[in-house]
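All remarks here apply to the structure that follows.
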Amino acid sequence: MSKTFYLTTPIFYVNGAPHLGHAYTSVAADVLARFKRLDGFDVFFLTGTDEHGQKVEAAARAAGVEPQAFTDRVAADFADMARRMKISNDDFIRTTEARHKRACQAIWQKLMAAGAIYLGEYAGWYAVRDEAFYDEDELIAGKDGAKLAPTGAPVEWVVEPSYFFKLSAYQDKLLALYEEHPGFIAPAAKRNEVLAFVKSGLRDLSVSRTSFSWGIPVPGDPEHVMYVWLDALVNYLTAVGYPDEGDEKFRFWPADLHLVGKEIVRFHAVYWPAFLIAAGLPVPKKVFSHGWWTVEGEKMSKSLGNFIDPRPLVDEFGVDALRFFLLREVPFGGDGDFSRKALISRLNVELANDLGNLAQRTLSFIAKNADGVVPARGRLHEADLALLGMAGGLAEKVREAMERLAFNEALEEIWKVIRAANGYIDHQAPWALRKTDIERMNTVLRVLVETIRTIGFLLQPFMPGAMENLLTQVGVPAAARHFSDLETTLVDGAGLPAPSGVFPRYVEAA
Ligand code: ME8
């Protein structure tokens, strides 16, 4: 049996339409999921929508639609965005599904039975936008002196009966978890933040609400609905069959990786493992926090109305170029700025010029001057060995960067080889060899085809469509594109299909 790998995106709130930020996490997770599948893992990749809570209820009301009809519509839009971004998720979970209600109620009962939940009264600040409770001393003053959450979200004073989760009782267990598994929270700066937060002392967490009803009823006390974050986090268990621990999908638990934006690390790295420990379940192996995108230098926000829908960008630039841009432009973990100019520049320089030209120059030359077949190679020169050596060591370098979720470093390693291959063509000048030394010309072309093949293999997770095309053009059968197939080589004299451009240059309309 191959090793399992379970990874997730956050499940997205359906109070608004999908935007570039959602697409970003989804693409990052997708690239990793595809990488792991090609690398021989048994992968389960989950995404979905977070459909309960006060914020979604309010959005449905504002739209004049029943919450269920509203969430049906927006969830379908998120699923469409995922499809258009070529996200290869194995499941799409919606928290309004019956299977999820069952999982949440089962966890609740487990927590009750463990004595980890008790009934009390909540009096404190709540920010609907963040669906989060805040302590008085965390609040900041807004422009008009009004109290705001540290995220800038408006807060309201809430007094209502509430069930509490005994978070305070899990402080030591959490600290022990972070200590024993230093990689549990990444990057390191985030880990330090979480550590400081937990060390400063944890208060019990309100885990039910009575002032609205759009949620999962608390078993035995249906006046209460579960706090939307408890409900939401449990999705990761629902999708693998919980509470049926005998379900064949439950083999994926614990999750290997929860990919999240930096603003929701606390929920994933503090509350979630505490719930799981209390319920007697294994905790996930890693929570990785990535940065935030701004758009043309501005934060995306309702008031600015500058949320970018990725789909028109896919129509204009192609899904592969957009996926590439998102992971190439900024180190994963850091913040980034999206601009058309930066996207067009990456597309034209790195995709069209570097990679597109390498493929085009080599393949059209073979079509015209080497009978359109895989050229046989003769004795290898030092320059050939140097390039083949770089290509040969590439998979390991990329794998190592992917382990750290350093997508841009993985791409940089690949681009080093692409740039070296372009330098090699210029230097070896097969067009001159054509007149003087056909065997040497064929050797050079063969070295180039092998190099392009390796590049194509390793770029598949990032740009699945374009690489499918490229690998076909260098004669790699569709069934032989796993990384283990890199060991085999091309067959001398095998016919190659007529070449066609992989990445055309983008020319901005005047
Ligand atoms: O927080 N840049 O859902 P959400 C980068 N339902 N990523 C961004 C982004 C930006 N500007 N904006 C959003 C929720 N994201 C909860 C999660 S999980 C059990 C429940 C991405 O719709 C990023 O992944 O507010 C962020 O964490 C997520 O969308 C928040 O989505």
Side-chain angles (χ1 to χ4, degrees), residues 7-30 46-57 59 71 74-75 77-78 81-82 85 87 92-96 100 103-104 107 127-132 149 151-153 190 215-216 226-239 255 257-273 275-276 284 287-302 304 306-310 325-327 329-338 405 407:
L7 80 167
T8 67
T9 71
I11 49 170
F12 304 116
Y13 284 130
V14 291
N15 63 309
H19 60 66
L20 192 71
H22 304 125
Y24 180 52
T25 321
S26 306
V27 166
D30 183 62
L46 179 68
T47 189
T49 43
D50 189 353
E51 306 189 2
H52 288 129
Q54 214 171 336
K55 171 153 104 171
V56 170
E57 191 187 59
T71 59
V74 186
D77 204 29
F78 271 92
M81 183 274 282
M85 292 304 299
I87 305 303
F92 186 99
I93 188 155
R94 300 183 51 193
T95 55
T96 50
H100 182 64
C104 282
I107 272 279
V128 175
R129 197 170 90 193
D130 302 341
E131 296 283 19
T151 55
K190 274 289 155 192
I216 296 181
M226 289 181 205
Y227 173 39
V228 66
W229 268 101
L230 173 56
D231 165 341
L233 289 161
V234 170
N235 91 84
Y236 303 132
L237 280 173
T238 307
L257 176 68
H258 294 312
L259 262 188
V260 299
K262 62 184 179 181
E263 81 293 356
I264 57 173
V265 171
R266 187 183 292 184
F267 299 95
H268 284 83
V270 181
Y271 302 166
W272 183 224
F275 296 152
L276 290 165
V287 175
F288 194 104
S289 145
H290 67 68
W292 269 47
W293 285 88
T294 50
V295 169
E296 310 282 351
E298 305 259 23
K299 193 172 168 202
M300 279 189 277
S301 76
K302 272 226 168 87
L304 291 172
N306 60 346
F307 284 105
I308 290 210
D309 183 337
F325 172 81
L326 289 174
L327 295 184
E329 186 70 1
V330 289
F332 200 63
D335 295 330
D337 183 52
F338 175 86
L405 277 78
F407 299 104

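All residue numbers refer to positions in the sequence shown, counting from 1. Each ligand, and each atom within it, is numbered from 1 in the order the structure gives. Heavy atoms only: backbone and side chains are in, while hydrogens, waters and symmetry mates are out.
Two rings, from Tyr236 and His268, have their centers less than 6.0 Å apart.
From the protein, the heavy atom lying nearest to atom 31 (O) of ligand 1 is Phe12 CD2, 3.6 Å. Among all non-hydrogen protein atoms, the one lying nearest atom 3 (O) of ligand 1 is Tyr13 CD1, 3.3 Å. Atom 17 (C) of ligand 1 has as its closest protein heavy atom Ile11 O, 3.1 Å. Ranking the protein heavy atoms by distance from atom 12 (N) of ligand 1 puts His19 CE1, 3.2 Å first.
Look at Arg94 and Glu51 and you find a salt bridge, because one of the NZ, NE, NH1 or NH2 atoms lies within 4.0 Å of a carboxylate O, short of that distance.
At under 3.5 Å, a nitrogen or oxygen of Glu263, whether backbone or side chain, sits near a nitrogen or oxygen of ligand 1. Ligand 1 has no nitrogen or oxygen under 3.5 angstrom from a nitrogen or oxygen of Met300. Polar contact check, Gly261 against ligand 1: a nitrogen or oxygen pair lies under 3.5 Å apart. The shortest N or O to N or O distance between Thr25 and ligand 1 is under 3.5 Å.
Counting heavy atoms from C-beta on, the side chains of Val74 and Thr49 never come closer than 4.5 Å. Side-chain contact between Phe78 and Tyr13 is absent, with no heavy-atom pair separated by less than 4.5 Å. Using a 4.5 Å heavy-atom threshold, the side chains of Met300 and Asn306 count as touching. In this structure, the side chains of Leu257 and Leu405 come closer than 4.5 Å at one or more pairs of heavy atoms.
Not a single heavy atom of Gly336 sits under 4.0 Å from any atom of ligand 1. For Trp229, the closest heavy-atom approach to ligand 1 falls below 4.0 Å. For His290, the closest heavy-atom approach to ligand 1 falls below 4.0 Å. Under a 4.0 Å heavy-atom criterion, Lys262 is not in contact with ligand 1.
The proximity of Glu131 to ligand 1, defined as any non-hydrogen pair under 4.0 Å, does not occur for either the backbone or the side chain. By the criterion of a heavy-atom distance under 4.0 Å, neither the backbone nor the side chain of Phe267 is placed next to ligand 1.
Close approach of ligand 1 to Asp50 is summarised as follows: ligand atoms under 4.0 Å from at least one heavy atom of the residue are 6 (N), 16 (C), 20 (C). Taking a cut-off of under 4.0 Å to the non-hydrogen atoms of Gly21, the atoms of ligand 1 that pass are 2 (N), 5 (C), 7 (N), 8 (C), 9 (C), 10 (C), 12 (N), 15 (N), 21 (C). Which parts of ligand 1 touch Tyr236 is read off a 4.0 Å heavy-atom cut-off, strictly below it: atoms 18 (S), 19 (C). Of all the atoms in ligand 1, the ones that sit under 4.0 Å from a non-hydrogen atom of Gly291 are 5 (C). Every atom of ligand 1 with a heavy atom of Ala232 under 4.0 Å away is listed here by number and element: 19 (C). Every atom of ligand 1 is numbered from 1 in the order shown, and the set under 4.0 Å from a heavy atom of Trp293 is 2 (N), 5 (C), 10 (C), 11 (N).
Classification of the Phe275-Tyr271 ring pair by plane angle, with boundaries at 30° and 60°, yields tilted. Aromatic ring orientation, Phe325 versus Trp293: tilted (interplanar angle from 30° to 60°).
Taking CD1 of Ile93 as the start and CG of Asn235 as the end, the distance is 5.0 Å to the nearest 0.5 Å. Considering OG1 of Thr96 and CG of Asp50, their distance stands at 10.0 Å, rounded to 0.5 Å.
Contact record, Asp337 with Gly297: OD1-N, 2.7 Å, taken as the closest heavy-atom pair.
Without hydrogens or angle criteria, Glu131 side chain to Lys55 main chain gives a donor-acceptor distance under 3.5 Å.
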